[in-house]
Amino acid sequence: MWSDMTFNLTRKEARTTKSFDKVVAAIEAQAPVVVPETNHVLLGPATMDAINSGHFDSAALRRQVEAKLGPSGFMLLMKIEHDLLMGELGRKHRSVQFAIGNPLIAKDVSDAAAKVCLYTPLRLAVLEDEKDGSTWVMFDSAEGLMGSFGSEAARKIGNSLDQRIIKLVEAAL
């Protein structure tokens with residue numbers, strides 16, 4: 001049976017006169033794109049074999065994940081360049097969506113509220129305003145998303161993530 005859940009959500013948006021390309025490059029400098037086709041690419045085949053066999057060192061795994069994080073403490077796990085397809089269909093402005101996260105923080109928040117996996121990793125969008133060439137960066141508040149499951153611990157982690165993303169975006173603007 002389906003059930004419905006309605007909750008309040010805040011979308012955070014920032015606008016700059018900086019070019020779309022410069023903003024995207026600055027975000028990627030703060031949170032490197034790690035776009036794995038499989039977890040093997042992210043962690044390496046030896047680590048995946050150790051995990052699958054039950055013989056892995058969690059401290060070593062943590063170090064591997066930490067090595068993939070950028071100065072912001074995040075990595076970009078997905079990059080969708082909307083304009084690659086939509087431009088061919090006649091759309092004029094450019095946009096990109098990133099899945100942004102930190103698997104170590106995702107583990108902590110999912111321990112607090114298992115259903116939060118619906119929102120990890122988070123989404124961050126960058127789009128070009130075709131009218132004036134300005135650039136928008138936006139994301140839905142992690143505090144609202146993660147707090148929607150009724151866990152105060154998850155809400156607090158979400159608030160911390162919001163602050164980290166704001167810092168990352170402000171550095172890119």
Just so I know, are the side chains of Val137 and Val23 near enough to count as touching, which here means a heavy-atom distance under 4.5 Å?
yes
Which atom of Met5 lies closest to which atom of Ser148, heavy atoms considered:
CE-O, 3.4 Å
State which residues pass salt bridge (Lys or Arg N to Asp or Glu O under 4.0 Å) with Arg11; sequence neighbours excluded, sorted by chain then number.
Asp140
Between Val65 and Met75, is there a side-chain heavy-atom distance shorter than 4.5 Å?
yes
Any chance you could lay out the side-chain contact (heavy atoms from CB on, under 4.5 Å) test for Ile80 and Val96, step after step, and finish with the verdict?
CA-CA 6 Å; Ile80 299 173; Val96 64; 5.8 Å; no
Derivation and outcome, side-chain contact (heavy atoms from CB on, under 4.5 Å), residues Gln97 and Leu124:
CA-CA 6 Å; Gln97 181 189 85; Leu124 178 72; over 6 Å; no
Student check: side-chain heavy atoms of Phe139 and Leu122 closer than 4.5 Å:
no
Could you check Ile100 against Leu77 for side-chain contact (heavy atoms from CB on, under 4.5 Å), going step by step and ending with a plain yes or no?
CA-CA 6 Å; Ile100 183 170; Leu77 296 149; over 6 Å; no
Donor + acceptor pair across side chains of Asp132, Ser134 (<3.5 Å):
yes
Got Leu104 and Glu66 here, is their nearest side-chain heavy-atom distance under 4.5 Å?
yes
If the condition is side-chain contact (heavy atoms from CB on, under 4.5 Å), which residues does Lys167 pass it with, not counting sequence neighbours?
none
Can you name the closest pair of heavy atoms from Ala99 and Arg123 and give their distance?
CB-NH1, 3.5 Å
Please name the pair of heavy atoms, one in Ser141 and one in Asp162, separated by the smallest distance, quoted to 0.1 Å.
OG-OD2, 2.7 Å
Just wondering, more than 12 heavy atoms not from Arg15 lying within 6.0 Å of its CZ?
yes
What pair of heavy atoms forms the shortest contact from Ala112 to Ala153, and how long is it?
CB-CB, 3.8 Å
Met138: hydrophobic cluster co-members (side-chain, 4.5 Å):
Leu127, Trp136
Roughly how far apart are Leu173 CG and Ile166 CD1, rounded to 0.5 Å?
11.0 Å
Let me confirm one number: the CG-OG1 distance from Leu145 to Thr120, rounded to the nearest 0.5 Å.
10.5 Å
Kindly say whether Thr135 contributes a backbone atom to a donor-acceptor pair with the side chain of Thr16 at under 3.5 angstrom?
no
Considering residues at least two apart in sequence or located in another chain, which fulfil the side-chain hydrogen bond (donor to acceptor under 3.5 Å, both in side chains) criterion with Glu28?
Lys79
Determine whether Phe74 and Arg164 make a side-chain contact, defined as any pair of heavy atoms from C-beta on separated by less than 4.5 Å.
yes
Determine whether Phe149 and Phe7 make a side-chain contact, defined as any pair of heavy atoms from C-beta on separated by less than 4.5 Å.
no
Show the nearest heavy-atom pair for residues Gln30 and Ser72, with the distance to one decimal.
O-OG, 2.7 Å
Rounding to 0.5 Å, atoms OG (Ser19) and CZ (Arg94) come to a distance of 8.0 Å
Can you list every pair that meets salt bridge (Lys or Arg N to Asp or Glu O under 4.0 Å) and has a residue in residues 102-119, with sequence neighbours left out?
Lys107-Asp111
Looking at Asn102 and Gly73, what are the two nearest heavy atoms and their distance?
ND2-O, 2.8 Å
Any residue meeting side-chain hydrogen bond (donor to acceptor under 3.5 Å, both in side chains) with Glu143, in chain and number order, not counting sequence neighbours:
Arg155, Asn159
Would you indicate whether the side-chain heavy atoms of Val34 and Leu76 approach each other to under 4.5 Å?
no
Give a yes or no on whether Lys156 atom NZ has more than 12 heavy-atom contacts from other residues, nucleotides or ligands under 6.0 Å away.
no
